[in-house]
Amino acid sequence: MDHLISRRKACVGLAAAGVTSALITNPASAKATARILTQDDLGWDKANKKYTLPPLPYAYDSLKAVIDEETMRIHHNKHHAGYVRGLNSALNKLRAIRWDESDADLIQHWQRQLSFHMGGHINHTLFWKGMLSEFDGGGGQPKGNLLAVINRDFGSFGKFTKQFKLAATKVEGSGWGWLVYEPMSNRLMISQMQNQQDMLFAGAIPLLGVDVWEHAYYLKYQNRRADYVEGFMRIINWEEISRRFESAR
Ligand code: MN3
């Protein structure tokens with residue numbers, strides 16, 4: 001009986017991250033979401049019906065040429081963990097409201113919390129797995145279909161890189177830069193996201209995201225966001241991004 005209330009709203013909010021609320025409990029339409037992420041990726045604990053924080057796919061100091069170990073630890077153990085906590089809390093509150101039909105005025109509040117924290121959880125999960133140290137094969141250029149479609153939709157890999165960096169660097173306040181796949185027009189697009197969920201258009205399937213909240217880079221780069229984004233381009237796990245692209249289209 002979960003997620004009866006405001007299901008449509010949840011879909012809209014989560015669609016910001018290319019995910020529908022169906023991901024949470026409804027196996028029937030979890031298919032679209034599962035194109036890029038699995039329940040395991042998101043640390044879904046079936047027995048206890050809650051999300052857990054998945055470990056990083058590499059050591060905390062693995063990306064240190066671009067992102068220092070302390071930033072990685074705080075970002076993962078504190079910030080990402082906080083989104084997972086907030087997500088479980090919002091789901092519990094909404095479930096409680098539906099069961100006893102009290103506090104109905106708070107539905108909107110908890111729905112917003114759900115949208116924000118679910119976005120945070122999904123975004124960070126995609127972010128960690130979307131990076132790989134230069135020494136392990138990160139950086140460089142994508143291959144095969146993804147490279148061909150980047151060339152088709154942006155003109156060249158260099159032009160794509162330039163647009164992506166610009167969009168990410170120019171996010172107002174806290175947010176993300178994304179490369180997304182738009183299924184209706186069958187093309188790649190670059191998009192900005194504010195906070196963890198705002199502005200990214202419905203239907204966009206996220207492929208590559210760079211976190212430009214200050215917590216992602218401030219210790220090492222302070223206000224030099226452009227330098228951080230420049231460094232990020234050297235540690236993209238293009239194999240993983242290609243996998244998402246093939247799954248999405
Ligand atoms: Mn973050």
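We count ligands from 1, going down the list as the structure has it; atoms in each ligand are counted the same way.
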Q: Check each of His76, Glu69, Glu70 against Arg73 using the side chain to side chain donor-acceptor pair (under 3.5 Å) test, and report the only one that passes.
A: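 It is Glu69, the one option of His76, Glu69, Glu70 that forms the side chain to side chain donor-acceptor pair (under 3.5 Å) with Arg73.
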Q: In terms of heavy-atom contacts, does CG of Asp105 have more than 12 from other residues, nucleotides or ligands at under 6.0 Å?
A: no
Q: Go through the steps to decide whether His75 and Trp128 satisfy the test ring-ring contact (aromatic ring centres under 6.0 Å, His included), and finish with yes or no.
A: CA-CA 10 Å; His75 199 171; Trp128 306 131; 4.9 Å; yes
Q: Considering only heavy atoms from C-beta outward, does the side chain of Thr161 approach that of Met233 to under 4.5 Å?
A: yes
Q: I'd like to know if Glu240 and Arg244 make a salt bridge, using a cut-off of under 4.0 Å between side-chain N and carboxylate O.
A: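 Here Glu240 pairs with Arg244 in a salt bridge, since their nearest N and O are under 4.0 Å apart.
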Q: What protein N/O/S atoms are there under 2.8 Å from the Mn ion (ligand 1), waters excluded?
A: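 Result, waters dropped: His75 NE2, His124 NE2, Asp211 OD2, His215 NE2.
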Q: I'd like to know whether the aromatic ring centres of His117 and Trp110 sit less than 6.0 Å apart in this structure.
A: no
